[in-house]
Structure formats: structure tokens, C-alpha cells
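Remember, predicted model here, so these are calculated numbers, not experimental data. Both counts, for ligands and for their atoms, begin at 1 and track the order of listing.
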Amino acid sequence: MDVIGHPIDGIVELIKLLHTADLHLDSPLVSLAMRDPELQDQVRAATRKSLKKIVDLALQHEVMAVLVSGDLFDQNERNAQTSVFLILQLNRLKEAGIRVFYVKGNHDADNPITGETSFPDNVHLFSGHGGVEEIAENILIHGVSFPHRSVRESLLPKFRPPENGKINIALMHTSLAGDNRQDKYAPCHLVELQKAGFDYWALGHIHKRQIYCQEPWIVMPGIPQGRDVGEAGPKSVTLIEIEDGQISIEELPTSVIEFDHINIDISDCEDWDSLRQALREALTRHSDRLLSPFGITRVSLEGPSGLSWDILRDHRELEEFIRVMARDTGKLWIDKVVFNVETPRQSSAQDATSELVEIMADLPTEDQFRHDFEKDAERVLGNLSTQIRQDLLREEDDLKQLIQNLSEDGVRRVAAMMRSSSSS
Ligand SMILES: [Mn+2]
């Protein structure tokens with residue numbers, strides 16, 4: 001760097017740090033795309049590859065330290081393979097003289113690996129009582145770990161006060177104000193962080209990257225590798241640069257697999273050739289835009305189309321076609337294809353098929369039909385594991401909604417089969 005103009009006795013050094021959180025190491029990625037055996041190995045290794053990438057970036061940018069703001073682990077059990085992999089990566093940092101500052105989050109508070117002496121000595125794990133370390137002249141790193149899994153009170157009072165005239169960086173795992181009861185972990189309000197006197201809040205817990213404030217910096221770096229379509233988009237870590245007492249940041253990509261959701265408008269497609277062409281173009285465009293080496297995508301086909309009935313009838317073939325086209329890009333897999341194609345309801349019943357379709361369309365609103373369907377659905381749901389059932393039905397009204405969706409979908413499919421066979 002250019003240091004001309006700075007006084008010789010006070011060499012102004014550029015100090016870099018890398019901020020990450022929520023690695024959830026070896027946590028499984030979840031996608032229907034996993035049915036493809038070719039993808040399975042990639043996906044299984046994804047959280048490890050992103051950790052390796054983080055270490056690569058730390059070495060490449062010659063950072064002084066890596067800050068990990070909790071949830072390094074995902075599970076409570078000690079897993080020998082996970083810890084060996086982690087220690088090898090931490091050793092790569094140690095060999096380069098890079099320190100690691102780490103606070104435990106809710107996911108690793110009870111993990112037997114954390115807090116053990118097994119970490120290499122370049123790793124500083126803050127305790128639940130909190131502490132502060134000076135890593136360079138006038139640069140302090142503060143941190144407080146989760147002492148146990150469910151911390152319902154703010155950790156803020158446990159931090160030592162920031163020191164005047166120094167750069168104070170603080171590591172904390174928190175849900176911030178938290179939007180619901182299940183997700184209240186070490187809650188605190190942004191305004192409290194803004195007023196606390198620290199220069200950079202290195203937060204963790206919320207998986208979506210967000211810069212809440214620039215003065216002081218309040219940064220949630222987000223998960224470095226998404227795990228399902230709910231954690232969509234490229235993922236990253238945050239590079240912190242400190243120079244002349246000023247802090248600036250930069251986002252560096254780390255995800256190996258990028259989840260996403262694309263909508264493809266098919267209303268202009270008049271025949272199968274133009275539909276296939278539109279799909280191929282949309283998938284190629286999406287794969288070209290990926291910032292990560294691979295993508296897993298949920299595709300929604302949207303819009304009214306003259307092909308609607310045929311699409312609904314031949315949806316399995318079309319889905320397979322989309323999967324193959326995605327694979328042809330060399331980097332894209334399909335999580336799921338959602339058919340949101342509208343089927344025009346004809347205004348007047350002209351023939352027997354139309355009449356039947358009209359009658360069926362009213363079925364989902366009939367009490368007896370709903371009652372029978374509900375009984376059937378409960379029987380099927382009773383055979384599922386508790387976990388799957390809970391995932392499927394989170395709210396009280398979810399069963400009603402599920403029945404509504406399934407019956408409407410069923411009517412559309414039966415109608416599609418009747419329509420396309422009577423018209424062709
Ligand atoms: Mn967490």
C-alpha cells in the first residue's frame with residue numbers, strides 16, 4: 001500500500017479482518033434435487049467447501065484475524081470427522097499467523113467440541129462471561145459467548161465498556177429484536193447497539209446478510225453457504241479493512257452452491273417448440289448469472305397459456321425436460337418445478353367435457369367433499385413422522401390450506417386430461 005505522506009514513526013498499517021458466522025458445519029443441505037446422485041457429493045461437501053473458501057480468502061487477503069460470531073457447528077453431538085476437518089482448516093490459518101476469535105452461538109453452546117482444548121492455539125474462544133483482547137495497537141476485540149443453548153436475555157450488559165481512542169470490535173450472536181418467540185436468542189435492539197460505543201458490531205445468527213448501520217458498523221454477515229431454497233442467492237463473508245482509524249467493508253463470495261427461485265413467463269409460448277426454447281433460454285440466462293460454481297433452482301412456470309391444459313397433462317415429461325436442460329448448462333440442478341399456469345375457465349358450457357369441468361371446479365368448496373378429504377388427509381398425515389408433520393403444518397390453518405390447494409390442483413389435473421384428450 002501507499003504510505004507516502006504518513007509520519008515515519010507512526011506507520012499507518014492497513015489491518016484486515018474477516019467476519020463470518022453461522023457456518024453450521026456439516027449441516028445437511030435440503031433439496032429435491034438431491035435425488036440426482038451426481039449432485040449428492042457436491043451438496044454433502046458444500047458447508048466444508050465454503051469453510052475452506054473462507055480460509056483461502058483469509059490467506060489471500062492476508063487478514064490479521066478471522067471473527068466467527070457463533071454457530072460454527074450445527075449439531076450437539078461430537079462428530080470426529082467434523083472436528084478433524086475444522087482443526088485442519090484452523091491449522092492452515094495458524095501456519096499463516098492468522099488468529100481466530102470466536103463466540104459460541106445457540107447451536108454450538110452445548111457442542112462438546114467447543115470449549116475443549118482441541119482447538120489450535122491461534123483460536124481464542126470467548127467465555128460466557130465475556131472478555132476483550134488487544135490484537136494490534138489500539139485495536140480491541142470484545143466477545144461474549146452463549147453460556148448455554150437458549151439465552152433469553154440480552155448479552156449486552158456482559159460486554160466490557162469500549163475503550164476511548166481505540167477501535168472496538170464486538171462479536172455477538174443475537175436474533176436482535178427477534179420477530180417471534182421461537183427465534184428470540186440474546187435479544188437486543190439496534191438502537192442499544194448504536195449507542196454502546198463500539199465501532200463495529202460483528203453479529204451472527206440471522207442467515208440473511210444485512211448491514212444495519214454504518215456508523216457504527218452493525219453487520220450480520222449471513223450464512224456463508226445456503227442450505228435450501230429458503231436461503232436463496234449467493235452467500236458471502238465480510239472483509240473488514242481498518243486504516244487511519246476508519247473502517248470499511250467488502251463482501252466476498254463463499255457459497256459453492258447457490259439456491260434460487262426463478263419465474264418463467266410462458267404466456268407468449270404458442271407451441272411446444274417455443275415453450276422449450278423459452279425454458280432453455282431462461283435456464284441458460286440464470287446459470288450465466290450465478291455467482292457460485294453451482295446452482296439449485298426452483299422453477300415456476302407462470303402465466304396463462306394456450307398450452308395450459310397440455311402442460312398440466314404432460315407435466316412429468318416437461319419437468320424431466322427442464323431437469324435435463326438445466327444439467328446441460330453444466331452447473332444447474334432443479335429443486336422442483338412449480339406449475340402456476342392459469343387454465344382459462346370457459347364462460348359457457350358447450351360440450352359434455354366443459355360441463356363436467358365446471359361441476360368439478362366447485363367441488364373443493366363443498367362441505368361433504370371437504371369433510372371426506374379432511375378425514376383422508378388426517379389418516380395419511382398420521383403415518384408421517386412427527387418432524388415432517390410439523391414442517392408441513394406449522395400453523396393451525398395449514399391443514400385447511402393444504403386441502404384447498406390439493407383439491408384445486410386435483411381438479412385442474414383431471415380437467416387437463418379430459419380437455420387435452422377431447423381437443424386433440
Ligand atoms: Mn444461531
_Distance check below 2.8 Å: does S175 bring an N, O or S atom to the Mn ion (ligand 1)?_
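No, outside the cut-off.
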*Could you tell me whether R313 and D310 have a side-chain N and a carboxylate O separated by less than 4.0 Å?*
yes
*Given T297, which of K336, H286, E258 fulfils the side chain to side chain donor-acceptor pair (under 3.5 Å) condition?*
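Passing option: H286.
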*Nearest to the Mn ion (ligand 1) - the N/O/S atom of D71, by atom name*: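 Result: OD2.
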_ND1 (H205) to the Mn ion (ligand 1) to NE2 (H173) angle, given to the nearest 10 degrees_ = 90°
*Point-to-point distance, once rounded to the nearest 0.5 Å, from CZ of F321 to CH2 of W272*: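 The distance works out to 9.5 Å.
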Would you list the atom pairs, donor with acceptor, under 3.5 Å between side chains in residues 130-140 and any protein atom, with sequence neighbours excluded?
residue : atom : partner : partner atom : Å
E134    : OE2  : N138    : N            : 3.1

